[in-house]
Amino acid sequence: MKNSLETAVNNHPEITIYIYCIPFDPTGKKAEGKRGKSQTEKLNEWKEEQINNLKDKRINISIEFWTASKLRDYLLAVDKECGLRRYWFDLEVMTNDWLKKRLNDAEVQASKRYSPKLSINVPAFDALEAFSHQNSWKKQNERFLEEFNENIKSWHTHVNNAGDLPENSHELVKNIREKIISLNLILSLENFIDLQTLIFQISNLIENLIQLEEIFLNELLKKHGKNAETPQFRQFQAEYQCVFPAAKLDTTRDLLKCLHKVAEWVSNPKFLLPKSQFMLLRGCAGVGKTHAIVDHAVHISKTGQICLVFYGEDFTGDEPWKIIVNKLGLSSNISRDELWAMINSAAEATEKPAIIYIDALNESPERRRWKTSWLEPLRQQITNFPRLRLCVSCRDTYLDEVCDVTSEWVEFEHNGFVGREFDAIKQFFEFYQLEPPATPLLQLEFTNPLFLHLICQAIQGIESRSIPLGSLGFTDVLRLLLEDKNKRIAEVCRYDNRDENVTEAVNALAKKMAKEKTRLLSRETAREVVNQIFSVEDSERSLFIQLEKEGLIAFVEQRTRPLASKKWFCRFTFERVADFLIALFLLEEIEANQLKYTNYNVSQLCEQLSNIIIPNSDNETFNVNKGLLEAFSIILPEKFQIELINCIKNKNIDRYKILLPIISSGFQWRTIESFSIITRELVAEGLSNSNCCPIILDSLFGIAVIPNHPLNAEFIHDLLNQQDLTTRDPFWCGSLHKNFEEKGGAWRLIQWSFQADLS
């Protein structure tokens, strides 16, 4: 005790009070006649001795003893919810091993939805990093603020001297300075802020800087002439005169550019996520929400941050906090506030917020209760514990059903592997032990994790275990996919895999959808259709159930009319699959006629096709059926050597805004053999029209590197080479720049080239 006191005094000469915490209650004064001194007397004597010794050294200090009873009183006073006691004195909970076991349980429950070897750094992961205050987000945030402050400092330097400023700018500069100080303070805050007010402040500041820029520009031109607004003038003044007459103007412009970046930054959910206790992760089916949540939980747990993962399927009957107590294996006598206070205390010990994830609210058996009685009370409970953060996820189609999103929640949409396509495809192909694709796969479907899983599983069935170079036609992909799923489902349902039950079932569903002109079938109708193909009494062998488990079909819950009770409806998981199956069904009869009549000519074929492909529709109807028409644009050249445009008789349909864009958007899913001279002529025609040129050009980038493709880079080269310099360069440079800036096909092709092994 003496050594600790001396060390404290030496290290901190200004200390005035020193407290000893004693984990017991010293004995009191002994009764008269008893020999010896009590513990209390001995402590007091020792205390007086130390105080006197320190006084001799001109150090005035008081010493206190906090005994077990006093410590207990203090703890009871601050720990009204009993969470601190649970955390510190219950040796079985909130330990590192205990938390690790709970996370392992969550990993196992995620099953196929989480594959640790397929972890891609997607934007959703970055958003979760920001929400959990991880170091990666902090460093990014610090760099951004540092850049902003550097611009502010540079601007201040050149507008600091009032004598150098135009008279009509003094008040404006003063006003801008005050607003910048206020804005910088707000951007540094960790608390939740009013986003609309902040955006208004930034917009107002940008308007002020635009006014100041105009004043400084007029002053420069008035003083130095019209040529002053050129790089040559600035270079001459700097090199030969050692002056910078445009410094005020240039630093104002730099600050203006930076403010536009700030405006873009604060509009991004990643700016608000660190300032909020509540996050909603949304996205379509199969986009990887569960994987992102579990992957992030595993990641931050390694840094010592507390994270608990639960699933919507766990919640039924009781209130959410009771379900959480049960899932964690805690005692049933723990109260609601005890639970939250215990996790809050554990988070305080780590100096980082504790993250509670609830994945897939839409999978709760009673999911409507999230909206009516669960989610808002849960949010209110957690609000009282500042070190707790709640992240929930939900599929887009169920969002309105499970929650009323308010300003307290920050939404982030998970868009799969967009922007990370190369890394995703590379890792998936390695995971499934497939040969990496020899040409870039730029189709949008490859940004969806579920689609990538399905495709890789299908390719595993090919003897070469690789995608045939440049011939990834969607018709072939669909066939491979259905064949692979049939093998998998045949094992579960126990039928001969030579019976193509899966293909027959999905075709039957597509046929029913086509006849009823809908993409949604009631669950009962869909089940009846599938059961006609294969039906058993054992539910575990149900073909209908297995189609959903294998990701081919999905279910949504909707009302047929506003006041009607909700019903389950069946749809295909991927729209393109539905489009293809329906289109193939509609073309079955024509294909049969072709085989029947050898003299079946092209004009007769086009006439029959035109009767199928919505002959009297307007532009709006065409847009609604865009997916189906795109499927036709891919299938028709492959099966009948006819382009979609030849089968459209309605002259009111815009050729350049509707038809050519639809045809070109399917180029990446067509086989090489399906491209004809007519296709080349359509491409050349479309590139000459401003309405469809960008879309066609983007489609060409997607197939530019495929060897022997009639529309590859050599085709583009020949096309450009036919033009004179004054026509070619403005078109090519402008189109290429725009496509790259919008991160279109050119940008993705370049990114792929940087990362791919081109040796």
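Since the structure is predicted, the reported quantities are computational estimates derived from the model, not experimental observations.
Of all the heavy atoms in A346 and I306, the pair that sits closest is CB-CD1, 3.2 Å. When all heavy atoms are compared, the tightest approach of Q201 to I186 is OE1-CD1, 3.1 Å. Considering every non-hydrogen atom in both P353 and A347, the closest pair reads C-CB, 4.3 Å. In terms of heavy atoms, A297 sits closest to Y357 at CB-CE1, 3.7 Å. For N415 against V287, the heavy-atom pair with the smallest separation is C-CG2, 3.7 Å. Here the closest non-hydrogen pair linking F428 and P449 is CE2-O, 3.8 Å.
The pair K261-E264 does not count as a salt bridge, with every side-chain nitrogen at least 4.0 angstrom from each carboxylate oxygen. Between R369 and E366 there is a salt bridge, with a side-chain nitrogen of the basic residue lying less than 4.0 Å from a carboxylate oxygen of the acidic one. Using a cutoff of 4.0 Å between basic side-chain nitrogens and carboxylate oxygens, K270 and E129 are not scored as salt-bridged. A salt bridge links E430 with K426: at least one charged nitrogen is closer than 4.0 Å to a carboxylate oxygen. Salt bridge status for E348 with R387: present, with a side-chain N to carboxylate O gap under 4.0 Å.
The 12-atom threshold is exceeded at CD of E178, counting heavy atoms of other residues, nucleotides or ligands nearer than 6.0 Å. Crowding of N10 atom CG: a count of heavy atoms from other residues, nucleotides or ligands under 6.0 Å exceeding 12. Applying the 6.0 Å contact sphere to CD of E540 captures no more than 12 heavy atoms from other residues, nucleotides or ligands. Atom CZ of F200 has 12 or fewer neighbouring heavy atoms from other residues, nucleotides or ligands inside a 6.0 Å radius.
Side-chain N or O atoms of S38 include one that pairs as donor or acceptor with a backbone N or O of E41 at under 3.5 Å. Panel note: side chain S393, backbone A360; a donor-acceptor pair is recorded below 3.5 Å. Between the side chain of S115 and the main chain of K117, no donor-acceptor pair closer than 3.5 Å is present. For the pair Q277 (side chain) and L388 (backbone), a donor-acceptor distance under 3.5 Å is present. Here the side chain of N326 pairs no donor or acceptor atom with the backbone of K322 at under 3.5 angstrom. The backbone N or O of R395 sits less than 3.5 Å from a side-chain atom of N362, completing a donor-acceptor pair.
Interatomic distance, OG1 of T316 versus CD of E313, reported as 11.5 Å (0.5 Å rounding). The line from CG of N53 to NZ of K55 is 11.5 Å long, rounded to the nearest 0.5 Å. Atom NZ in K47 sits 10.5 Å away from atom CE in M1 (nearest 0.5 Å). Atom-to-atom distance recorded for L281:CG and L273:CG is 9.5 Å, nearest 0.5 angstrom. Taking CZ from F125 and NE2 from H414, the interatomic distance works out to 11.0 Å, rounded to the nearest 0.5 Å. Rounded to the nearest 0.5 angstrom, N149 CG and S154 OG are separated by 12.5 Å.
The aromatic rings of F315 and F310 stand perpendicular to each other, their planes meeting at an angle above 60°, with 30° marking the opposite boundary. Y432 and H453 have perpendicular rings, their planes meeting at more than 60° on a 0 to 90° scale where under 30° would count as parallel.
Looking only at side-chain heavy atoms (C-beta outward), V266 and L187 come within less than 4.5 Å of each other. Using a 4.5 Å cut-off on side-chain heavy atoms (C-beta onward), W66 and E64 make contact. Contact annotation: the side chain of L390 never approaches that of I355 to less than 4.5 Å [non-hydrogen atoms, C-beta and beyond]. Counting only heavy atoms from C-beta outward, the side chains of I51 and S62 never approach each other to under 4.5 Å. The closest side-chain heavy-atom distance from V410 to L280 is not below 4.5 Å. Two residues are said to be in side-chain contact when any heavy atoms from C-beta on lie closer than 4.5 Å; Y311 and T290 meet this criterion. Using a 4.5 Å heavy-atom cutoff, the side chains of R282 and E411 are in contact. Within the 4.5 Å cutoff, the side chain of C21 has no heavy atoms near those of the F65 side chain.
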Test side-chain hydrogen bond (donor to acceptor under 3.5 Å, both in side chains) applied to Q381 and W340, step by step: CA-CA 8 Å; Q381 294 162 23; W340 303 132; 3.1 Å; yes

message: Apply side chain to side chain contact (heavy atoms under 4.5 Å, CB included) to residues I180 and L205 and explain how you reach the verdict.
response: CA-CA 8 Å; I180 285 176; L205 187 53; 3.9 Å; yes

Stepwise side-chain hydrogen bond (donor to acceptor under 3.5 Å, both in side chains) check, Q305 with Q134: CA-CA 9 Å; Q305 191 161 1; Q134 281 292 299; 2.4 Å; yes

- request: Show your working on side chain to side chain contact (heavy atoms under 4.5 Å, CB included) between K327 and L308 and close with a plain yes or no.
  value: CA-CA 10 Å; K327 286 290 293 184; L308 299 168; over 6 Å; no

- request: Carefully, step by step, assess L183 and L259 under the rule side chain to side chain contact (heavy atoms under 4.5 Å, CB included).
  value: CA-CA 10 Å; L183 176 61; L259 270 173; 3.7 Å; yes

message: Working note: S4 + Y18, criterion side-chain hydrogen bond (donor to acceptor under 3.5 Å, both in side chains); need CA distance, chi angles, decisive distance, verdict.
response: CA-CA 10 Å; S4 109; Y18 196 77; 2.8 Å; yes

message: Pair F131, H296 - check ring-ring contact (aromatic ring centres under 6.0 Å, His included), show working.
response: CA-CA 11 Å; F131 182 63; H296 187 257; 8.7 Å; no

- prompt: Please walk me through it: do S276 and W409 pass side-chain hydrogen bond (donor to acceptor under 3.5 Å, both in side chains)?
  reply: CA-CA 7 Å; S276 172; W409 293 84; over 6 Å; no

- prompt: Could you go step by step and tell me if T383 and F278 meet the side chain to side chain contact (heavy atoms under 4.5 Å, CB included) rule?
  reply: CA-CA 9 Å; T383 302; F278 308 101; 3.5 Å; yes

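Of the residues listed (N160, T251, T252), the one engaging W155 in a side-chain hydrogen bond (donor to acceptor under 3.5 Å, both in side chains) is T252, and it is the only one.
Taking the centre of each ring, F144 and W265 come in below the 6.0 Å mark.
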